[in-house]
S.K.: 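Here it is, the structure, as C-alpha cells.
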2 protein chains.
Amino acid sequence: MEKGKKAPKKTRNLEQSRKEILDAAFWEVFTRGFQGVSIDDIVKKTSMTKGAFYHQFPTKLDLGYALVDEVIKPMTYSRWIDPLKEYDNPLEGILLQIKKLIGKAAPQELRYGCPLNNLVQEMAPVDAGFKKRLQNALTYWIEGMDKELKRAQKEGFLRPDVNTRQVAHFVVMAHEGFYGMLKGLDDPKAFNALYDSLKRYFETLRA
Amino acid sequence: MEKGKKAPKKTRNLEQSRKEILDAAFWEVFTRGFQGVSIDDIVKKTSMTKGAFYHQFPTKLDLGYALVDEVIKPMTYSRWIDPLKEYDNPLEGILLQIKKLIGKAAPQELRYGCPLNNLVQEMAPVDAGFKKRLQNALTYWIEGMDKELKRAQKEGFLRPDVNTRQVAHFVVMAHEGFYGMLKGLDDPKAFNALYDSLKRYFETLRA
DNA sequence: TTTACAACATACTAAATAGTATGTTAAGGT
DNA sequence: ACCTTAACATACTATTTAGTATGTTGTAAA
C-alpha cells in the first residue's frame, strides 16, 4: 500500500468539487466577464458535469456570489495587503508591490485587468447581491490598507496629520485605475507614467 | 402650411434613425453592459423595428464599434476636455470639472460609472475590434488632457519640469478610478477622500 | 407619373442558455 | 451485508438570442 497523504482517496468530495468549479469559473469569468460566460463553458473546464454544478450552486448568481466571497476577496487581500506586513515601511511596500504585481506582470495577464475591479464594473450596477458582496470585498481591502498606513504613521514613516483612511481610499483607487488604464491602452510605457505620478503623491505624505 | 424647420418632414431618414438607435443603445449598454443587452431590448426602446436595426448595423459588434466611435469618444471629449478651455488655469479647471461632474452627480447616475471605462473593462480583453477603438478613444482623451496641461505650463501655472504626458495619463487614470470606486462603494463620502488626495497631488505640480 | 431602390417592417430559424427531471453510484452508518 | 442518502451523471425543456428571408412603402429622380 502506498503512503496515503492526509487526503482520503475519495472519488466524491463536496469541498474539493466546489473548489474545482470555483477555480474553473474564476478563470472563465476573469477572462470573459460574468455575463459573457455560460455554465456549460465552466462545466466543460471541469472534470465534472452539470449535475455537480447545480448540486453546489442553485443558480448562476449564487456561483458569482461565491466567487466574490470565497475566491476574489481573499485573493485580493493576500495579494495586496499580506505582503505589506513584510516591510518595515508600508509606504515603500505598497510601491514595490505595485511594481512587482503590475509593472512586471506579463502583458497577457495584464490585459484581463483586476478580477475584483472587473466584477465591480460589470455587475455592481446590474445586481444588488453582487453589489453588496463587491462592496464588502472593496471595504475589506481598504481597511487592510488603512491598518498598514496607521502602522506607517506609528512608526514615523507617514506624517501624523494625514488622514489614513482617506489615503487608503486613494491608493486602492489607484490600483483599480492602473489596471483599468493598462487594460485599455496596453502600452507598457503607460505603467511608468502612472507609477511615477503615484510616487510623487506618496512623497507628499512622508514624515 | 406650417413653417417647417430646416429638417424635412420625412418619415424615413437614415441618419436620424441611426442616431435614435445609437441613443437607445447607449443607455441600455451604459446601464446593463454590452453583453448584458440584447438587440431586441435596444429595438424595443426605439420607434423602429429589427429591420431598421440590421439595415444600419450588420452585427451587434458593429453597433458596439459605432457606439464607441460616434457616441462615447466625442461625449468623453466634450465632457472632460472642452470645458477646460474656459479656464485660464487648466489645473483649476480639471479639479472643478471633476467636482461638478462626479462630486455633484446624482447617485443613480454615478452607480453606472463611466461609459468609456465600462466598455474598456468589459470588452477590451474580449474583442480586438473593441480594444482598438477603445484604445483610440482613451488616447484621444489623454492627448486632449496633455494639450491643456501644456497650455497650463506655457501660462506659468504648471512647473516647467513636469512631464505633461505623464500627468495626463495619471489624471485620466484618476477619472476612471474615481468612477470605479464610487460605483463599487456607493458611499458619497468616498468622493471627498479621493478628491482631496488628487488635490494634494496637484499641489506638487504647481509652478 | 412612373419607376427603382433605399428604408424600413414582419416572420422566421438555428443555436445557445439557464435551469429541471430523473437517473445512477459511492460510501458511511447500522 | 444492507440501506440510505449525498454526490454526482444524463437527458431534456422552455426561453432567449443573433441573425436571416422576405415582404412593404416612402421618396426622389427621370
Side-chain angles (χ1 to χ4, degrees), chain A residues 1 4-25 28-29 31-67 70 119 122-123 126-127 129-130, chain B residues 1 4-25 28-29 31-67 70 119 122-123 126-127 129-130:
Chain A
M1 296 194 201
K5 313 236 165 158
K6 258 193 244 170
K9 278 271 175 161
K10 285 189 285 187
T11 67
R12 294 181 173 192
N13 188 320
L14 192 65
E15 287 179 59
Q16 203 171 295
S17 296
R18 186 182 185 85
K19 277 185 186 170
E20 191 184 340
I21 294 170
L22 282 173
D23 196 55
E28 291 298 299
V29 171
T31 55
R32 297 165 50 198
F34 184 75
Q35 300 187 107
V37 159
S38 75
I39 290 173
D40 287 308
D41 287 335
I42 294 168
V43 167
K44 263 180 206 159
K45 299 273 176 178
T46 287
S47 67
M48 284 158 291
T49 64
K50 223 168 183 177
F53 181 93
Y54 277 97
H55 189 61
Q56 302 261 5
F57 306 104
T59 79
K60 193 188 176 187
L61 271 178
D62 286 298
L63 165 73
Y65 296 167
L67 260 182
E70 300 171 33
L119 276 181
E122 185 188 2
M123 297 308 295
V126 170
D127 179 82
F130 253 112
Chain B
M1 298 194 198
K5 314 233 166 160
K6 256 192 249 170
K9 278 271 176 162
K10 285 188 285 187
T11 66
R12 293 183 172 190
N13 188 320
L14 192 65
E15 285 178 60
Q16 203 171 294
S17 297
R18 186 182 184 85
K19 275 184 186 170
E20 191 184 339
I21 294 170
L22 282 173
D23 196 54
E28 291 298 300
V29 171
T31 55
R32 297 165 51 199
F34 183 76
Q35 300 187 105
V37 159
S38 76
I39 289 173
D40 287 308
D41 287 333
I42 293 169
V43 167
K44 263 180 206 158
K45 300 272 175 180
T46 287
S47 67
M48 286 158 291
T49 64
K50 221 168 184 177
F53 181 94
Y54 277 98
H55 188 62
Q56 302 262 6
F57 306 105
T59 79
K60 193 187 178 189
L61 272 177
D62 286 298
L63 165 73
Y65 297 166
L67 261 182
E70 300 170 32
L119 276 181
E122 184 187 5
M123 296 309 294
V126 169
D127 178 83
F130 253 112

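The sequence lines fix the lettering, A, B, ..., with proteins before strands; numbering per chain opens at 1.
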S.K.: For the residue pair A/A66 and A/L22, what are the closest heavy atoms and their distance?
M.R.: CB-CD2, 4.0 Å
S.K.: Nearest-Å distance, NZ (B/K60) to C1' (D/dG19)?
M.R.: 12 Å
S.K.: Using modelled atom types only, decide if a donor and an acceptor are shared between the side chain of A/E28 and the backbone of A/D41 within a distance under 3.5 Å.
M.R.: no
S.K.: Starting at OH of B/Y54 and ending at C1' of C/dT13, how long is that distance when rounded to a whole Å?
M.R.: 13 Å
S.K.: If the cut-off is 4.0 Å, is A/T59 near the phosphate of C/dA18, judged by side-chain N/O to OP1 or OP2?
M.R.: no
S.K.: Can you see which heavy atom on A/Q56 is nearest to which on A/S17, and at what distance?
M.R.: NE2-CB, 3.7 Å
S.K.: Do any N or O atoms from the side chain of A/E122 and from the backbone of A/Q35 form a donor-acceptor pair under 3.5 angstrom?
M.R.: yes
S.K.: Nearest 0.5 Å please: distance from the CG atom of A/D23 over to the CD1 atom of A/I42.
M.R.: 11.5 Å
S.K.: Given atom CZ of A/F57 and atom C1' of D/dC8, what is their separation to the nearest angstrom?
M.R.: 14 Å
S.K.: Closest to the A/T11 side chain: C/dA18, D/dA9, C/dA26?
M.R.: C/dA26
S.K.: B/R12 has a side chain; which of C/dT20, D/dC8, C/dA7 sits nearest to it?
M.R.: C/dA7
S.K.: Which listed nucleotide (D/dC8, C/dC8, D/dT20) is nearest to the side chain of A/L14?
M.R.: D/dC8
S.K.: Grab the CD-C1' distance between B/Q56 and D/dG19 for me, whole Å please.
M.R.: 17 Å
S.K.: Would you name the heavy atoms of A/V37 and A/K60 that are closest together and state the gap between them?
M.R.: O-NZ, 2.8 Å
S.K.: Can you list, by residue number, the residues of residues 31-45 of chain A that have a non-hydrogen atom closer than 4.0 angstrom to DNA chain C?
M.R.: A/V37, A/S38, A/I39
S.K.: Grab the CE-P distance between B/M48 and C/dA6 for me, whole Å please.
M.R.: 19 Å
S.K.: So, for A/Y54 and A/I39, which heavy atoms are closest and what is the spacing to 0.1 Å?
M.R.: OH-CD1, 2.9 Å
S.K.: Which is more 5' along DNA chain D, the nucleotide nearest A/R18 or the one nearest B/P58? Just name the residue.
M.R.: A/R18
S.K.: Can you tell me how far C1' of D/dA21 sits from NE2 of B/H55, to the nearest Å?
M.R.: 16 Å
S.K.: What is the separation between atom CD on A/E15 and atom P on D/dC8, rounded to the nearest whole Å?
M.R.: 11 Å
S.K.: Ignoring hydrogens and angles, does a donor from either the side chain of B/K50 or the base of D/dG19 sit under 3.5 Å from an acceptor on the other?
M.R.: yes
S.K.: To the nearest angstrom, how far is B/Q16 atom CD from C/dA6 atom C1'?
M.R.: 16 Å
